[in-house]
Number of protein chains: 4
Amino acid sequence: MLDAAVEGFARYGYRSASMDDIAEAAGVSKPLVYQYLKSKDDLFTACIRRESAALVAAVRAGTEDADGLLPADRRLWNGLCAFFAHTAAHPHGWAVVHQQARTEGESFAREAAAVRAEIAELVTGLLGVAARDAGCADDALAEREVSGLAHALVGAAESLADWANAPRQEPPSARETAATLMNFCWAGMENLLKGSRWTPAP
Amino acid sequence: MLDAAVEGFARYGYRSASMDDIAEAAGVSKPLVYQYLKSKDDLFTACIRRESAALVAAVRAGTEDADGLLPADRRLWNGLCAFFAHTAAHPHGWAVVHQQARTEGESFAREAAAVRAEIAELVTGLLGVAARDAGCADDALAEREVSGLAHALVGAAESLADWANAPRQEPPSARETAATLMNFCWAGMENLLKGSRWTPAP
Amino acid sequence: MLDAAVEGFARYGYRSASMDDIAEAAGVSKPLVYQYLKSKDDLFTACIRRESAALVAAVRAGTEDADGLLPADRRLWNGLCAFFAHTAAHPHGWAVVHQQARTEGESFAREAAAVRAEIAELVTGLLGVAARDAGCADDALAEREVSGLAHALVGAAESLADWANAPRQEPPSARETAATLMNFCWAGMENLLKGSRWTPAP
Amino acid sequence: MLDAAVEGFARYGYRSASMDDIAEAAGVSKPLVYQYLKSKDDLFTACIRRESAALVAAVRAGTEDADGLLPADRRLWNGLCAFFAHTAAHPHGWAVVHQQARTEGESFAREAAAVRAEIAELVTGLLGVAARDAGCADDALAEREVSGLAHALVGAAESLADWANAPRQEPPSARETAATLMNFCWAGMENLLKGSRWTPAP
DNA sequence: GATGAATGAGCCTTCATTCAT
DNA sequence: CATGAATGAAGGCTCATTCAT
């Protein structure tokens with residue numbers, strides 16, 4: 001039943017998707033929907049939660065390093081691959097979390113922001129690992145700057161997910177997309193960890 | 001009058017913002033709104049157009065290089081400064097273009113996509129300049145990869161705009177945010193132009 | 001200006017014809033309309049009155065017999081010719097009086113009923129003349145029956161007016177239509193004046 | 001529920017009758033009306049159809065002659081009795097079909113015209129029977145003239161229906177009204193079938 | 001005097017939500 | 001338990017009507 005709701009919300013938005021249509025698409029009757037979830041609000045929240053959890057779980061699984069053997073960039077790349085693979089496989093869920101949840105009221109937006117924060121924290125953690133591996137001082141980067149970098153990375157990834165999912169003859173694979181993003185950002189990350197910064201030409 | 005509409009749409013979304021509320025917020029009566037713009041659709045489109053144009057104009061002005069003296073990275077940084085300054089100064093307009101327009105119907109989404117494409121093209125142009133300045137072969141980067149990089153950059157910028165606008169004690173200045181983003185991405189760009197790539201560790 | 005109003009009301013009905021459209025069709029601005037006639041109600045009433053008066057005048061002129069020389073049937077025929085000629089020449093006015101005025105509220109309907117009554121009275125008068133000419137007793141026909149006959153004649157005439165105005169290759173002339181109606185009704189009238197009645201076969 | 005709609009439309013016209021009022025008069029809520037009939041248009045059409053069908057059925061039943069024993073004038077009289085009885089019993093339905101349907105838009109007018117045509121055809125058929133019974137040649141009357149006579153009869157009947165329904169101390173019975181109409185028209189019909197015509201006095 | 005600009009009121013329609021079955 | 005039937009509340013849009021210019 002949530003599947004139908006997710007598809008409906010993704011396709012038409014929270015307001016434009018009607019409970020009638022969702023119930024019909026789910027093949028059940030409207031009062032049944034209200035028995036499981038008290039209101040449209042709750043239904044939407046449930047959708048967001050389910051899709052968020054699935055996405056975060058996929059990315060987390062991708063970045064995992066059970067044996068402690070992988071370098072940070074490899075783990076980041078794995079996580080990105082998982083991210084792009086998941087968003088490609090679940091476009092409706094991705095649309096709900098990434099687009100719809102952010103546009104309809106504070107409370108939903110908070111849910112979406114939490115996802116972002118969670119993924120950003122994953123990235124932050126990996127940067128910390130990279131820093132340790134590179135032997136940097138813990139305070140080479142200000143906390144705020146790390147936060148900014150993480151958000152930049154997340155945003156770039158989100159944008160590339162949409163770009164990769166756009167209809168095309170040969171859509172790029174998750175690994176290609178992830179490689180593009182690593183090329184885009186990793187050199188800068190390494191530079192920063194080494195203390196080398198870009199500054200505007202004089 | 002558009003101001004009120006932009007604020008309403010930004011705050012509540014296209015569907016949830018009611019014409020009554022918009023008119024009241026504008027200090028006029030509903031029929032007057034309909035005299036200027038024939039329908040809610042048209043009103044929303046007008047909002048998108050106005051805010052899009054303002055944003056694109058700001059960024060374009062930032063990247064301009066009348067005397068042909070500036071290096072590409074400086075121009076990009078200027079553009080980013082302009083972008084972050086504009087989104088910080090017009091958060092509602094930014095929300096309309098970046099969030100609302102993309103979630104309610106194909107036709108609005110096309111308007112929003114056009115903005116993205118326009119900015120991505122600006123960035124692409126700057127990459128071309130950078131490539132020329134660095135004496136690279138024209139085909140050092142595949143067209144698709146350039147497109148991906150541009151979208152990654154735009155996405156990172158969008159994400160940082162939201163991040164920078166989030167309520168905080170000392171919000172970062174546009175220049176700080178732009179510097180963070182340059183640090184994030186410019187090293188990778190330069191590497192790519194030099195033919196150096198990131199590849200997953202074996 | 002009334003012309004435009006009559007056409008508008010005839011074409012779209014009292015409610016559906018908008019003051020904007022009428023004013024535009026008349027080539028003047030709306031406030032000017034309100035200066036001449038205080039409200040839409042008054043405008044409609046004015047239309048009804050003008051068209052009614054024209055129609056009644058035409059028919060009355062037709063039935064007139066200045067020299068007292070014409071027999072009643074001839075005068076009736078003349079009146080019918082005038083009637084069909086007028087309705088054919090002023091279809092919009094006819095539509096306003098005959099159709100629109102009767103469908104929108106009591107007060108307008110009364111105006112329309114007055115026209116009917118006036119014409120019915122004309123007919124009644126002619127029947128009286130015919131009776132006198134035929135040497136009948138004044139009370140050969142009950143008053144109520146005369147009224148019924150007059151309304152039947154008026155209704156038949158109204159119906160034939162619509163029938164004659166319907167789009168056709170060779171629309172019948174007013175004289176043909178009038179002849180059809182005389183054939184239809186005059187024999188019965190004469191019979192009645194002579195005291196001969198139709199009765200259901202046993 | 002249609003009853004309330006018919007009454008509302010009859011009293012105020014299609015445009016002026018509001019769905020709120022109709023729903024309230026029906027003792028139900030507005031959305032319920034929309035569950036049964038998709039729009040005001042459809043509701044009005046349904047009213048027209050129902051009332052038309054009832055009227056036509058009543059008249060057709062009246063003119064029927066199962067055993068083939070009745071003369072044409074008797075059948076016509078029976079039909080007229082049925083007609084006047086029905087219009088007297090269902091004044092609102094009669095108003096909808098006869099007045100309102102003809103004044104609001106082509107599509108409704110077509111429905112009303114179809115009813116008229118159907119009744120006119122009934123009458124035409126009876127004239128044919130009368131002609132056969134009287135031993136007339138089939139072409140004694142031109143087709144157009146027959147059509148005109150039928151419309152005249154229908155119009156006279158419609159007019160008398162309104163006349164008979166007008167508020168009065170002793171309203172005439174359907175049989176009286178039908179007799180008045182037969183007196184009005186049948187002698188002329190017979191004359192025409194015999195080839196005798198009214199012509200304007202020289 | 002004539003008009004562009006403005007509005008209060010109302011109508012058709014829809015939707016999230018709940019009972020009675 | 002699951003559902004068809006029903007509704008209160010609102011939203012987009014239009015129109016007759018009036019001022020300030």
Side-chain angles (χ1 to χ4, degrees), chain A residues 1 5 8 12-24 26-44, chain B residues 1 5 8 12-24 26-44, chain C residues 1 5 8 12-24 26-44, chain D residues 1 5 8 12-24 26-44:
Chain A
M1 187 164 78
Y12 303 109
Y14 173 63
R15 282 297 302 260
S16 300
S18 79
M19 293 298 268
D20 292 77
D21 296 349
I22 290 174
E24 190 180 7
V28 300
S29 70
K30 232 184 328 175
L32 187 54
V33 178
Y34 278 89
Q35 192 154 356
Y36 280 78
L37 294 154
K38 207 161 27 188
S39 69
K40 198 187 190 185
D41 250 60
D42 289 0
L43 176 57
F44 194 39
Chain B
M1 189 164 76
Y12 304 109
Y14 174 63
R15 284 294 302 262
S16 299
S18 83
M19 293 298 268
D20 291 77
D21 295 348
I22 289 174
E24 190 178 6
V28 299
S29 70
K30 215 178 357 167
L32 185 54
V33 178
Y34 278 91
Q35 198 156 359
Y36 280 76
L37 291 154
K38 208 160 24 189
S39 67
K40 198 186 191 185
D41 240 70
D42 287 1
L43 176 57
F44 193 39
Chain C
M1 188 164 80
Y12 304 110
Y14 173 63
R15 283 296 301 257
S16 299
S18 80
M19 294 298 268
D20 292 77
D21 296 348
I22 290 173
E24 188 180 9
V28 300
S29 70
K30 232 184 328 175
L32 188 53
V33 178
Y34 279 89
Q35 191 155 356
Y36 280 78
L37 293 153
K38 205 161 27 188
S39 69
K40 197 185 190 184
D41 249 62
D42 288 0
L43 176 57
F44 193 38
Chain D
M1 188 164 76
Y12 303 109
Y14 173 63
R15 283 294 303 260
S16 299
S18 82
M19 293 298 268
D20 291 76
D21 296 348
I22 290 175
E24 190 178 8
V28 298
S29 71
K30 220 182 345 169
L32 186 54
V33 179
Y34 278 90
Q35 198 156 0
Y36 279 76
L37 292 154
K38 210 162 17 192
S39 68
K40 198 186 191 184
D41 238 71
D42 287 1
L43 176 57
F44 192 39

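Please read all numbers here as calculations on a predicted model, not as lab measurements. Every chain is numbered from 1, with letters handed out A, B, ... down the list of sequences.
The distance from atom CG of C/Leu32 to atom P of F/dT18 is 15 Å, rounded to the nearest whole Å. Between the NZ atom of B/Lys38 and the P atom of F/dC13 there is a distance of 11 Å, given to the nearest Å. The distance between atom CG of D/Asp41 and atom C1' of E/dT13, rounded to the nearest whole Å, is 13 Å. Look at CE on C/Met19: it is 20 Å from P on E/dA5, rounded to the nearest Å. Between C/Ile22 atom CD1 and F/dT14 atom P there is a gap of 18 Å when expressed in whole angstrom units. Atoms CG (B/Leu37) and C1' (F/dG12) sit 14 Å apart, rounded to a whole Å. Atom-to-atom, CD of A/Glu24 to C1' of E/dC15 comes out at 15 Å; the value is rounded to the nearest Å.
In the set E/dC19, F/dT17, E/dC12, the nucleotide with an atom closest to the side chain of A/Pro31 is E/dC19. Considering only side-chain atoms of A/Ser18, the nucleotide from F/dA16, E/dT13, E/dC15 that sits closest is E/dC15. You'll find that the side chain of C/Tyr34 is closest to F/dA16, out of F/dG12, E/dT18, F/dA16.
Proximity of B/Leu43 to B/Tyr36: side-chain heavy atoms (C-beta onward) are nowhere separated by under 4.5 Å. With a 4.5 Å cut-off on side-chain heavy atoms, C/Val33 and C/Ile22 do not count as touching. Annotation: side chain of B/Arg15 is not in contact with side chain of A/Tyr14 (no heavy-atom distance under 4.5 Å).
Each of C/Lys40 and B/Arg15 lies near DNA chain F, and the nucleotide nearest B/Arg15 is the one positioned closer to the 5' end. Each of D/Asp20 and C/Gly27 has a nearest nucleotide on DNA chain E; the 5'-most of these lies closest to C/Gly27. Position along DNA chain E of the nearest nucleotide to D/Tyr14 versus B/Gln35 favours B/Gln35 as the more 5'-ward residue.
Taken from CG in C/Leu37 to CE in C/Met19, the straight-line distance is 8.0 Å, to the nearest 0.5 Å. Distance check: B/Lys30 NZ to B/Glu24 CD gives 11.0 Å after rounding to the nearest 0.5 Å.
Within 4.0 Å (heavy atoms only), A/Ala23 reaches no atom of the nucleic acid at all.
One N or O donor and one acceptor, one from the side chain of D/Lys30 and one from the base of E/dT13, sit under 3.5 Å apart.
Judged by Watson-Crick or G-U wobble contacts below 3.5 Å, the nucleotide E/dT21 has F/dA2 as its partner. Both distances falling under 3.5 Å, in either a Watson-Crick or a G-U wobble arrangement, place E/dC15 opposite F/dG8.
Note on D/Tyr36: a side-chain N or O is less than 4.0 Å away from OP1 or OP2 of F/dA6.
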